[in-house]
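To start, the structure itself, in structure tokens.
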Amino acid sequence: MRLRNIPGATEAIANSSFCIDNPTEYKGQWNEFFGNNNPIHLEIGMGKGRFLMDLAALHPDINYIGIERYTSVLLRAVQKMDELQLPNVHFLCVDAKTLDEVFEKDEVSKIYLNFSDPWPKDRHAKRRLTSHQFLDVYEKFLKSDGNIEFKTDNIDLFNFSLDEINESEKWNLDAHTFDLHHDSSMNEGNIMTEYEEKFSSKGNKICKLITSRIVK
Ligand code: SAM
């Protein structure tokens, strides 16, 4: 998702109390930042952030941080948060590849990746958010008992992601389905993202996997 440049987006984000513009300063101190010891969950590539905000409203005892690299997209999330004012949600406008500069070892309990950009060309595989290059970044700050939940309707990206996990000695495939909305156990409590609603309403099947770290 990349919206056209929106005049004023950068300023609106810089002025929003929900967006942290110097996130590396909080590395290792995110619980102090939130003022509690609640677990920290991330959505990486959150787009307009509806999924994250729905989740945060349901779970006030979890701290949520949404990561989105484009100001034009993040602006929509900021506008929504101006209405909702959820105390357990903040946003970062950064590229996910730098997240190990933002979070300390064991600082994050869960990562959501929803409808990540597929980057279909082979030469762009390392840009996919489930590539082993990105998994190596997540491993640096995900707790040893933490996990990643990934949803997509893109079967090529899903198969690529399964391969990356199965070929890795650092990640275990805990569960997966090629048809989430007809898998009663994996679909229990599912919160739809904007893309999930759009693609499932067209008849696309939604795939989901859950992977956790193997700690030796
Ligand atoms: N997660 C939302 C959903 O399911 O409705 C949005 C999905 S949209 C296709 C993917 C989003 O991920 C885009 O807004 C894009 O800018 C963001 N994104 C892609 N690569 C990223 C990266 N390396 N770091 C941060 N955000 C990224």
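Whatever order the structure lists them in is the order used to number ligands and atoms, beginning at 1.
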So is [X] touching ligand 1 or not, going by heavy atoms under 4.0 Å?
X      : answer
Glu196 : no
Asp95  : yes
Lys97  : no

Problem set entry | Phe33-Tyr26 aromatic ring centre distance below 6.0 Å | yes

For [X], counting its heavy atoms only, list the atoms of ligand 1 lying under 4.0 Å from any of them.
X      : value
Thr193 : 3 (C), 4 (O), 5 (O)
Glu194 : 5 (O)
Val94  : 24 (N), 25 (C)
Asn114 : 1 (N), 2 (C), 4 (O), 7 (C)

If we set the cut-off at 4.0 Å for heavy atoms, which region of [X] has an atom near ligand 1: side chain, backbone, both, or neither?
X      : value
Leu129 : side chain
Glu43  : side chain
Tyr70  : side chain

Problem set entry | Partner set under side chain to side chain donor-acceptor pair (under 3.5 Å) for Glu164, not counting sequence neighbours | His132

Under the 3.5 angstrom rule, does the side chain of [X] hit a backbone N or O of [Y] as a donor-acceptor pair?
X      : Y      : result
Arg69  : Ala96  : no
Ser131 : Lys126 : yes
Ser16  : Ala12  : no

Extract all donor-acceptor atom pairs below 3.5 Å that involve side chains of residues 142-150 and protein atoms in other chains or at least two apart in sequence.
{"unit_1": "Lys143", "atom_1": "NZ", "unit_2": "Asp106", "atom_2": "O", "d": "3.3"}
{"unit_1": "Asn147", "atom_1": "OD1", "unit_2": "Lys110", "atom_2": "NZ", "d": "2.9"}
{"unit_1": "Glu149", "atom_1": "OE1", "unit_2": "Lys208", "atom_2": "NZ", "d": "2.8"}
{"unit_1": "Glu149", "atom_1": "OE2", "unit_2": "Lys110", "atom_2": "NZ", "d": "2.6"}

Problem set entry | Salt bridge Lys170-Glu139, side-chain N to carboxylate O under 4.0 Å | yes

For this session: Would you tell me whether Asn22 and Glu25 have side-chain atoms, one donor and one acceptor, within less than 3.5 Å of each other?
Result: yes

Exercise. For Ala96 and ligand 1, does the shortest N/O to N/O distance drop below 3.5 Å?
Worked result: yes

